[in-house]
Amino acid sequence: MIKVQFKNNYENMYSGKGFLYKDYPNAEIGDIVVANTVGGYAIARVNEVNVYDATFDLNKLQTIEKVVITKKEQEERERIAYEKKVKMAKFVEEARRKAALQYLTSLTTDADFLKDLSAMSTNELEVLMKFFGK
């Protein structure tokens with residue numbers, strides 16, 4: 001037997017007590033499943049597996065119809081999304097820095113000052129640009 005928590009549609013989370021269901025092959029904690037309920041199908045998350053409760057008649061328990069997404073698949077999607085955000089943030093940081101350096105280096109030919117500019121952080125460059133109204 002397994003236990004599931006149902007999705008709370010108002011808060012987009014899984015909460016409440018766990019409900020007992022017949023075992024589902026290869027179900028793992030964290031899997032999102034379609035559970036057969038008295039009121040029809042509902043989305044739930046597996047929160048316990050290998051549950052033993054002698055007070056329930058196994059033949060009277062409802063069934064899990066299908067795994068929508070496994071915990072491993074969810075984690076992989078989250079990892080890919082995180083890596084994409086990091087990559088985009090890095091790109092934006094590089095673009096900001098390049099734009100600031102390009103503008104500020106166009107204002108001078110002083111080699112020492114150009115060297116100082118290249119050593120500044122992006123935030124320092126942007127503060128300096130604000131001085132020029134940019």
Please tell me if the side chains of [X] and [Y] come closer than 4.5 Å, counting only heavy atoms from C-beta onward.
X: V34; Y: I64; result: no
X: L101; Y: K98; result: no
X: V46; Y: Q5; result: no
X: F6; Y: T37; result: yes
X: K71; Y: D31; result: yes
X: Y41; Y: N36; result: yes

For a quick test of reading the model, state the closest non-hydrogen atom pair linking [X] to [Y] and the distance between them.
X: M129; Y: Y103; value: CG-CD2, 4.1 Å
X: G18; Y: N47; value: CA-ND2, 4.2 Å
X: L117; Y: R97; value: O-NH2, 4.3 Å

[X] with [Y], same ILVMFWY side-chain cluster at under 4.5 Å:
X: V4; Y: V51; value: no
X: L58; Y: F56; value: yes
X: V67; Y: I32; value: no
X: V92; Y: V86; value: no
X: F19; Y: Y14; value: no

Going through the checks in order, is the side chain to side chain contact (heavy atoms under 4.5 Å, CB included) test met by V38 and Q62? CA-CA 8 Å; V38 174; Q62 293 284 10; 4.2 Å; yes
Listed by chain and number, what are the side chain to side chain contact (heavy atoms under 4.5 Å, CB included) partners of R77, not counting sequence neighbours? I69
Could you work out, with side chain to side chain contact (heavy atoms under 4.5 Å, CB included) as the rule, every residue matching E93, not counting sequence neighbours? R96, T122
Working to the nearest 0.5 angstrom, can you tell me the gap between [X] [atom1] and [Y] [atom2]?
X: I29; Y: R45; atom1: CD1; atom2: CZ; answer: 10.5 Å
X: E76; Y: Q74; atom1: CD; atom2: CD; answer: 12.0 Å
X: E124; Y: L104; atom1: CD; atom2: CG; answer: 11.5 Å
X: D53; Y: K3; atom1: CG; atom2: NZ; answer: 7.0 Å

Quick one: does any side-chain atom of T105 pair with a main-chain N or O of Q102 as donor and acceptor, under 3.5 Å? yes
Which is it for M1 and N50 under the side chain to side chain contact (heavy atoms under 4.5 Å, CB included) test, yes or no, and what are the steps along the way? CA-CA 6 Å; M1 293 183 277; N50 300 323; over 6 Å; no
Run the numbers on V33 and Y24 for side chain to side chain contact (heavy atoms under 4.5 Å, CB included), then give the verdict. CA-CA 10 Å; V33 297; Y24 191 83; 5.7 Å; no
